[in-house]
Amino acid sequence: MSLSNRLSVKTPDQAVFYNDLVSQHGSPILVLDCEKVTAQYRALSEQLPGVDFFYAIKSLPHPAVIQTLSSLGCGFDIATSGEIELLQTLSTAVRHRVIHTHPIKRDADIRDALRFGCTTFIVDNIWELEKFIPYRHRVGLLIRVSFPNPNTDIDLSKKFGCREDDVMLLVQKAQSLGIHVKGLSFHAGSQCATSANHVHAIKQCTKIMDDIYQQCGKLLSILDIGGGFPVQYTKTVQTIQEFCPPIREALQQLPDHIQVLAEPGRFLSATCMEAVSRVMGKAQRGDMTWYYLDDGVYGSYSGQIFDHVTYPISIFSDINELETAVIAGPTCDSIDVIDEGLQMPPLSIGDLVVGHQMGAYTYATATNFNLFDKASVVVINENNLSADNILPFAQTQ
Ligand SMILES: *Cc1c(COP(=O)(O)O)cnc(C)c1O
């Protein structure tokens with residue numbers, strides 16, 4: 001990708017906000033702005049009226065995000081007992097607005113979720129279905145169908161989901177076991193550049209549900225359209241206002257009684273965090289100036305590896321001359337490089353580097369490799385929360 005595409009050089013006065021936070025909290029930090037979570041939720045629900053949203057906690061499992069979304073009426077998509085524990089520390093109101101979406105579970109995972117109040121689970125094969133025999137009076141299942149997506153960097157159709165042709169068999173098997181199947185689900189791939197795969201999947205699911213009614217007399221009542229809603233990093237993707245109309249149109253073809261769910265992760269969490277780090281050392285090596293930040297790809301920038309994302313970054317300078325530079329992380333490993341060959345004005349030790357759109361799959365996958373502390377999260381604009389929802393500060397780290 002083009003380097004200038006990634007790097008913005010801002011004026012030093014634009015660093016004041018970040019400098020203030022760093023002088024208060026140290027560095028590296030991740031600044032989590034709850035108002036941005038609210039704005040994303042509003043934008044998505046405006047585009048998909050009538051859809052019930054369940055935030056995919058794995059993208060950013062932070063209490064401030066969960067509280068903000070909960071106060072807006074959003075439900076939660078959980079996949080592990082750890083995610084349930086996180087919800088358990090919060091208000092009880094979320095308990096009846098959860099769905100468990102991991103297609104492969106241990107018995108203990110199922111029991112923990114049931115105990116928490118979750119009754120909706122996802123399966124994609126016979127062995128998983130049989131795990132619900134002991135709980136058949138307490139659950140309604142969604143069958144996850146696979147729709148391969150060649151147009152995403154993160155294709156989720158290989159690891160999970162049954163073939164379209166196998167759905168009928170699973171529904172019949174469930175019927176014979178006395179287990180209630182209440183609908184279908186899919187995940188069209190993460191950070192989808194367009195909504196074409198969502199639209200294709202909705203159309204196919206509409207057909208499958210009709211076939212199931214015709215052949216088994218079984219009326220399904222839920223379609224879960226998953227996540228995959230994109231945000232703008234450095235590559236151009238459709239805006240949410242371009243992405244959603246074809247989905248809306250496809251959903252209109254569903255019979256009226258179908259309840260539509262979605263499990264957005266990235267779209268709700270990506271824009272709310274900025275990573276603020278400082279240059280902790282520099283060196284001249286060959287014709288490149290190396291800058292070593294106190295955060296890197298083992299920390300907040302881990303999504304560059306796991307999530308295949310290039311985050312926009314900003315530096316602050318009023319120097320006009322440019323040099324060729326490398327921006328690296330702090331660990332002793334050679335892959336810990338954020339970018340190289342950047343044309344940029346020189347920085348000094350202590351200067352700030354800010355990464356943008358760093359809420360989704362960043363903090364969630366950060367490590368403390370080399371025993372460098374992970375960035376601490378600084379929550380701002382939490383005041384839209386009612387008093388009984390606010391957590392003790394200790395839990396926000
Ligand atoms: C990760 C995940 C999501 C969220 O996907 P995004 O692309 O972040 O919106 C939703 N549902 C399931 C089952 C997931 O595994």
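Counting starts at 1 for both ligands and their atoms, following the listed order. Remember, predicted model here, so these are calculated numbers, not experimental data.
- Against a heavy-atom cut-off of under 4.0 Å, Ala56 is close to the following atoms of ligand 1: 3 (C), 4 (C), 10 (C).
- Taking any N or O of Thr101, backbone or side chain, none lies under 3.5 Å from an N or O belonging to ligand 1.
- Using a 4.0 Å cut-off to heavy atoms of Asp77, the atoms of ligand 1 that qualify are 10 (C), 11 (N), 12 (C).
- Considering backbone and side-chain atoms alike, Gly265 places an N or O below 3.5 Å from some N or O of ligand 1.
- Using a 4.0 Å cutoff on heavy atoms, Gly228 counts as a contact of ligand 1.
- Ligand 1 has Arg144 within reach: a non-hydrogen atom of the residue lies less than 4.0 Å from it.
- Within the 3.5 Å criterion, the main-chain N or O of Tyr301 finds no donor-acceptor partner in the side chain of Thr362.
- Using a 4.0 Å cut-off to heavy atoms of Arg266, the atoms of ligand 1 that qualify are 6 (P), 8 (O), 9 (O).
- A salt bridge does not link Lys58 with Glu83: every distance from a Lys NZ or Arg NE/NH1/NH2 to an Asp or Glu carboxylate oxygen is 4.0 Å or more.
- A salt bridge links Asp307 with Arg266: the distance from a Lys NZ or Arg NE/NH1/NH2 to an Asp or Glu carboxylate oxygen falls below 4.0 Å.
- No side-chain N or O of Thr119 forms a donor-acceptor pair with one of Arg138 less than 3.5 Å apart.
- Salt bridge status for Asp339 with Arg6: present, with a side-chain N to carboxylate O gap under 4.0 Å.
- Note on ligand 1: Tyr361 sits in its first shell, one or more heavy atoms being nearer than 4.0 Å.
- Here Gln175 contributes atom CD and Lys218 contributes atom NZ; the two are 6.0 Å apart, rounded to the nearest 0.5 Å.
- Checked for salt-bridge contact, Lys207 and Asp211 miss the test: no charged N lies under 4.0 Å from a carboxylate O.
- For Ile122, no heavy-atom contact with ligand 1 is shorter than 4.0 Å.
- Those atoms of ligand 1 with a heavy atom of Ser190 less than 4.0 angstrom away are 6 (P), 7 (O), 8 (O).
- Proximity of His187 to ligand 1, defined as any heavy-atom pair under 4.0 Å, is confined to the side chain (atoms from C-beta onward).
- Any N or O atom pair closer than 3.5 Å counts here, and Ser59 shares no such pair with ligand 1.
- In summary, the side chains of Asp294 and Ser27 do present a donor paired with an acceptor at a separation below 3.5 Å, with no hydrogens or angles considered.
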